[in-house]
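See structure below.
Because only heavy atoms are used, hydrogens play no part in the values below, and waters and symmetry mates are left out as well, while side chains stay in. Every chain is numbered from 1, with letters handed out A, B, ... down the list of sequences.
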Amino acid sequence: MNDKTAVAPSNFIRHIIDEDIKNNKNQGKVKTRFPPEPNGYLHIGHAKSICLNFGLAKDYQGVCNLRFDDTNPEKEDMEYVDSIKEDVTWLGFKWFEDVKYSSDYFDKLYQYAIDLIKDGKAYVCSLSPEQAREYRGSLTEPGKDSPYRSRTIEENLELFEKMKQGKFDEGEHVLRAKIDMASGNMNMRDPIIYRIRKEAHHQTGNQWCIYPMYDYTHCISDALEGITHSVCTLEFEDHRPLYDWFLDQIDIDCHPQQIEFARLNLNYTVTSKRKLKQLVDENIVNGWDDPRMPTISGFRRRGYTPASIRDFSERTGVTKVDGIVDMSLLEFCIREDLEHHAARTMCVIRPLKVIIDNYEEDKIEKLSAPKHPKNTDMGNRSLIMEKEIYIDHQDFTEDPPPKYKRLTTGKEIRLRNSYVIKCESVVKDEQGNITELHCSYDPETLGKNPEGRKVQGVIHWVSANHSHVAVVKEYDRLFTVEKPDGQNQDFLSFYNPNSLVEHTSARIEPDLIKAQVGENFQFEREGYFVKDKDSSDELPVFNRTVTLRDNWEKKPDNKDAKPRRRRG
RNA sequence: UGGGCCGUCGCCAAGCGGUAAGGCCCCGGGUUUUGAUCCCGGUAUGCGCAGGUUCGAAUCCUGCCGGCCCAGCCA
């Protein structure tokens, strides 16, 4: 799956599994699961969880289930289950057997609930939500027993049956576990097992009007599926006693081990379904798959590859330390992948016409250039050289800073894969804007360096009459600060208005018009780009995945650096 | 004395009593028709702080300090 020889990453979960296998726990088997709730699109944090769970299963010759944790019909939707399946598949993983749903177990869950009632471990509580909150106590004060805690088993059975039959309204009654209202762990203060929700469910339709809660459902679903290691994030640490409690009370022969790890945080973005949904709903971005979004679908559209995201997941490690990973690591991962696999091409994003005065009128030369500087197996592409070409506005200045390696008046420059040209004169409009350059070329410099002179740089270019117009979208980080969801300010106030810059008159090499949507390229000297789905046959659209690393722009003494592209 | 968890380089992260791996970022230098790639080299006398145990402590003990999570009929 990965080109690189996998260096078995050491982490505490693997230590636990290694120990379990050594002790022949679970007959030495490993079975994991990825349990998303279909209430939004998956983001980079989920990607890490997917890579962890499926990766663990793969490395230990086990299997991994995909199970939708669908116990809250209010927030869930088929659109999300479809997108989640697509994302998991795209990342390169195959789930065991068919997709599973917690709702597959609603009947069994109901039976176990009846067992709990019969054992005196659960009761129907008729406190209103407000009253229940008061009875629950606070973080520092114990709660009080519900007055309904002592209902008889018969009464509970009858009430619960009626709840299921729809005889009550939402909020009238709930089924609660009878544990300990004085527990320091809020989750153990008689947690709710079932609540009434008169809502159609995307899998079970109108079959049910009572729905089980997460804590009750998750552990039993894991056990029913024979999961050995139930990996989840840190915030569920407090829920583990409850996870274990339910499995200890019911008659079931499997007791998976819940293990918590720190969720992935990335700087300059947000990874909370609620906030991502807000960005979509308020049209701050253009949908869940906007290339600026940290969603899997966003990264896919941005041009990230599955391998790069898997690599990133592995490099960030698995621990219980709640940290925030630098975006630069993700950028490193995609650059590394694309450096090896993306074909090279030239695209002039901000065209500036260059007329080569001593180049023969109407002459056309067909040149050839490698698609990759090192991997010759990728073959060549052809270029057209002629009297009029375009170079990038940013590759010319009349006032060059020290060590400038682009074109300037009276100096020579190498046209990548073509001749050396020299700038003879500059044409400007009334406002003083540079509109055209007149150059001369040295016919002796195709494929070889001029004798006795050193050319100070190389710039990319494209033929004026044999190139195509294209739209190029440059993306930058979505937020202007590292932790947009920091303290006391709305995260939206940190939105980066320059996160999308669109260039509508870019010019691409002739061959690039044949590119496929989703195909990755390196626009030489600019960055990695991918053809977007918004392309038409006449007008291709390219998204910038990431820039090339650039040591020049970072130099503090480089006064030319500012207006040029930013990271991203 | 509410409960749970976490603190090793700017960011991740190994380490599990024998004297601080690695990656990213960053900084030098070399090669280069991409200011890319690639290649060399550099970057924690110290592991939140303070004591203690020990021949020896990031690793064990004690006490502090700092951070995160929990009071949804959400997951």
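Between B:rC47 and B:rA75, the distance separating the two C1' atoms is 37 Å to the nearest Å. The gap from the C1' atom of B:rG7 to that of B:rG48 amounts to 6 Å, rounded to the nearest Å. To the nearest whole angstrom, the two P atoms, one in B:rU37 and one in B:rG28, are 15 Å apart. As rounded to the nearest Å, B:rU1 and B:rG23 have C1' atoms that lie 42 Å from one another. Comparing the C1' positions of B:rC27 and B:rC9 gives an interatomic distance of 15 Å, to the nearest angstrom. On the C1' atoms, B:rG46 is 14 Å away from B:rG15, given to the nearest whole Å.
Enclosure of atom NZ in A:Lys403 is not indicated, since only 12 or fewer non-hydrogen atoms of other residues, nucleotides or ligands lie within 6.0 angstrom.
Comparing A:Tyr419 and A:His340, the nucleotide of RNA chain B nearest to each residue sits closer to the 5' end for A:Tyr419. For the pair A:Arg414 and A:Gly317, nearest-nucleotide mapping onto RNA chain B gives the more 5' position to A:Gly317.
A salt bridge does not link A:Glu172 to A:Lys162: none of the charged nitrogens lies less than 4.0 Å from a carboxylate oxygen. Salt-bridge check for A:Lys100 with A:Glu225: failed, with every basic side-chain N at 4.0 Å or more from each acidic carboxylate O.
Under the side-chain contact (heavy atoms from CB on, under 4.5 Å) test applied with A:Trp208, the options A:Lys164, A:His201, A:Glu199, A:Lys198 reduce to a single match, A:Lys164.
A:Pro373 comes within 4.0 angstrom of a base, heavy atoms only. When heavy atoms are screened at a 4.0 angstrom cut-off, A:Leu127 is found touching base atoms of the nucleic acid.
Using the Watson-Crick or G-U wobble rule with both distances under 3.5 Å, B:rA57 pairs with nothing in any strand shown. Under the Watson-Crick or G-U wobble criterion, with both distances below 3.5 Å, B:rA36 is left unpaired in every strand shown. The partner of B:rU31 is absent, by the rule that a Watson-Crick or G-U pair needs both atom distances under 3.5 Å.
Contact record, A:Met163 with A:Tyr194: CE-O, 4.3 Å, taken as the closest heavy-atom pair. Counting all heavy atoms, side chain and backbone alike, A:Phe529 lies closest to A:Val472 at CE2-CG1, 3.6 Å. For the residue pair A:Leu266 and A:Ile324, the shortest heavy atom distance occurs at C-CG1, 3.8 Å.
Looking at A:Asn185, its side chain has no donor and acceptor atom pair within 3.5 Å of the base of B:rG4. With hydrogens and angles left out, the side chain of A:Gln522 and the base of B:rU34 share a donor-acceptor pair within 3.5 Å. Residue side chain A:Arg335 does not reach the base of B:rU37 through any donor-acceptor N/O pair under 3.5 Å, judged by distance alone. Side-chain atoms of A:Arg525 stay outside donor-acceptor range of the base of B:rG35, with no qualifying N/O pair under 3.5 Å.
Shown here, B:rG72 is classed syn by the O4'-C1'-N9-C4 or O4'-C1'-N1-C2 angle, which is within 90° of 0.
With a 4.5 Å cut-off on side-chain heavy atoms, A:Leu234 and A:Arg263 do not count as touching.
Side-chain nitrogen and oxygen atoms of A:Arg195 include at least one within less than 4.0 Å of the OP1 or OP2 phosphate oxygen of B:rC74.
Put simply, A:Trp552 rests on the base of B:rG35: the two rings are less than 5.5 Å apart at their centres and nearly parallel, under 30°.
You'll find the ring centres of A:Phe523 and A:Phe542 inside the 6.0 Å limit.
Across the protein-nucleic acid pair, A:Phe12 atom CZ and B:rA13 atom P stand 11 Å apart, rounded to whole Å. Atom CD of A:Glu235 is separated from atom P of B:rA71 by 11 Å (rounded to the nearest Å). Look at CG on A:Leu338: it is 13 Å from P on B:rC38, rounded to the nearest Å. As rounded to whole Å, 16 Å separates atom C1' of B:rC73 from atom OH of A:Tyr216.
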Could you list the protein-to-nucleotides 17-19 of chain B atom pairs, N/O on both sides, closer than 3.5 Å?
none

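If you check B:rC24, B:rG2, B:rC68 against the side chain of A:Asp322, the one that comes closest is B:rC68.
Counting only residues at least two apart or on different chains, the salt bridge (Lys or Arg N to Asp or Glu O under 4.0 Å) pairs with a member in residues 33-48 of chain A are A:Arg33-A:Asp222.
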For the pair A:Phe396 and A:Val354, evaluate side-chain contact (heavy atoms from CB on, under 4.5 Å) and give the outcome as yes or no after the intermediate values. CA-CA 11 Å; A:Phe396 177 82; A:Val354 171; over 6 Å; no
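A heavy-atom distance below 4.0 Å to RNA chain B is reached by these residues of residues 374-384 of chain A, ordered by number: A:Lys374.
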